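Counting from 1, the numbers follow the sequence of the chain as shown. For clarity, every value in this text was computed on a predicted model and none was experimentally measured.
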Amino acid sequence: MRVVVLGSGVVGVTSAWYLARAGHQVTVLDRQPAPGMETSFANAGQVSPGYSAPWAGPGIPVKALKWLMMRHRPLVLWPRLEGGLYAWLAKMLANCTDTAYGVNKSRMVRLAEYSRDCLRDLRDETGIAYDQRMKGTLQLFRTQKQLDGIGADTRVLEAFGVPHALLDPAGCVAAEPALGLVPGRFVGGLRLPGDETGDAHLFTQRLAGLAAAIGVEFRQGVTVRALATEAGAVTGVVTDRGVVTADRYVVAMGSYTPALLRPLRVHVPVYPVKGYSLTLPVEDEAGAPVSTVMDETFKVAITRLGDRIRVGGTAELAGFSLRLRRPRRETLAHSVTDLFPRGGDVAKASFWTGLRPMTPDGTPVVGPTRYANLFLNTGHGTLGWTMACGSGRLLADLVTGRAPDIAHDDLAIGRYAAA
């Protein structure tokens, strides 16, 4: 069967890999000159099933107001005359209940745990290397209130059998020795020993090479303009290089998915939530993180990637703007220098921004649509790297007509219609 995948980020490339492994003839289309050049390029580097959780949760509206007032704020909202933003925010607020949070986090952890297992299998099968580390992650709490408020998260982890441990300051230092250089900065942490780290951009490019070796055709520098349809099915992809046809079509275009599908009356509630990162060289091995430390106060992830430190964070609602804003750099720099003052040199850091495709319930959209031959793999928000392999494997099973390994109906676009 011929399958076209739209998008060559980490989600699109993993989809293409698993489709090709299932025996399909796969073509990937993307406007960028190489795979992994947009949202997958310089993300925080975490593969964190245990930290998979929706941004929408109990108490978030109040917390959001406080965040907006912080100097180093994790949330930034630029007022805009844009109806889509406010409709998306309204749907997100509707998910800020205990019940919705439990449902959404359960969905996310299920897919993320499966994805981590798929990544391990892929690594064993191919030997792919991407500055990976399998040393767990640490969610670091600076206040007792933060530490006391994680009951809902740990209950979901317990329900899914996800290994975790609550640590006192000494336990945090045992996990991340460099934190011993900054006593008094934190009161405890949540350790997730099954989580991993790695360079998503490096992984995406190397997996694309492996996929090409088994027959996947990558057409880079091709702009997708529209999907042609007839009689309830997609008949082709209209591009600036002509029309590309196939038997099945997979849309994995991240934040750009809704605009492509709107003319088909397939409404995907995905909004671009802008994130930033710094990448700095390690200056002092003993002062650098071992794996990932998530600074809960500023919602900043500090990750070791080989001889580099990646610092990622911020949720900025600014439409499709890719403007690099200095205050966001200052927030990232503050977090890493406060916790790892000797680890790296922020003066030598590269500064990057990307658009995370976020759904209002935090759960990605993976599965079929009302068009019989059109499938979606999008809306992963901050967890595209964490969920990529599981989403790609699930998507390939659905396209192939094979029973997936995990429950999946509540991951498809139909969950919004049901609501």
Criterion ring-ring contact (aromatic ring centres under 6.0 Å, His included) against W88, the qualifying member of W55, Y416, Y271:
Y271
Got T378 and M253 here, is their nearest side-chain heavy-atom distance under 4.5 Å?
no
How are the rings of Y130 and F203 set to each other: parallel, tilted or perpendicular (split at 30° and 60°)?
perpendicular
Are E113 and R116 ion-paired here, with the side-chain N under 4.0 Å from a carboxylate O?
yes
Test salt bridge (Lys or Arg N to Asp or Glu O under 4.0 Å) applied to E125 - qualifying residues, sequence neighbours left out:
R21
Does the Lys NZ or Arg CZ of R31 fall within the cation-pi geometry relative to Y256 - under 6.0 Å from the ring centre and within 45° of the axis?
yes
Considering only NZ, NE, NH1 and NH2 on the basic side and carboxylate oxygens on the acidic side, decide whether D199 and R308 come within less than 4.0 Å.
yes
With a 4.5 Å heavy-atom cut-off, do L264 and L374 have their side chains touching?
yes
Quiz question: by atom type and distance under 3.5 Å, do the side chains of S8 and Q32 form a donor-acceptor pair?
no
Do D148 and F141 have side-chain heavy atoms sitting under 4.5 Å apart?
no
Is there a side-chain contact between T14 and L122 in this structure, where contact means two heavy atoms from C-beta onward sitting under 4.5 Å apart?
no
Take the angle between the ring planes of H72 and H334 and call it parallel below 30°, perpendicular above 60°, tilted in between.
parallel
Side-chain heavy atoms of N377 within contact of V366, under 4.5 Å:
yes
Is the closest basic N to carboxylate O distance between R310 and D131 below 4.0 Å?
no
Going by heavy atoms in the side chains, are Y51 and T292 under 4.5 Å from each other?
no
Taking the side chain as every heavy atom from C-beta outward, state whether H380 and R356 have any pair of such atoms under 4.5 Å apart.
no
Just verifying a value: how many Å separate D405 CG and R393 CZ, rounded to the nearest 0.5 Å?
5.0 Å
Could you check whether K91 pairs with D361 (Lys NZ or Arg NE/NH1/NH2 to Asp/Glu carboxylate O, under 4.0 Å)?
no
Is the closest side-chain heavy-atom distance between D195 and S48 below 4.5 Å?
yes
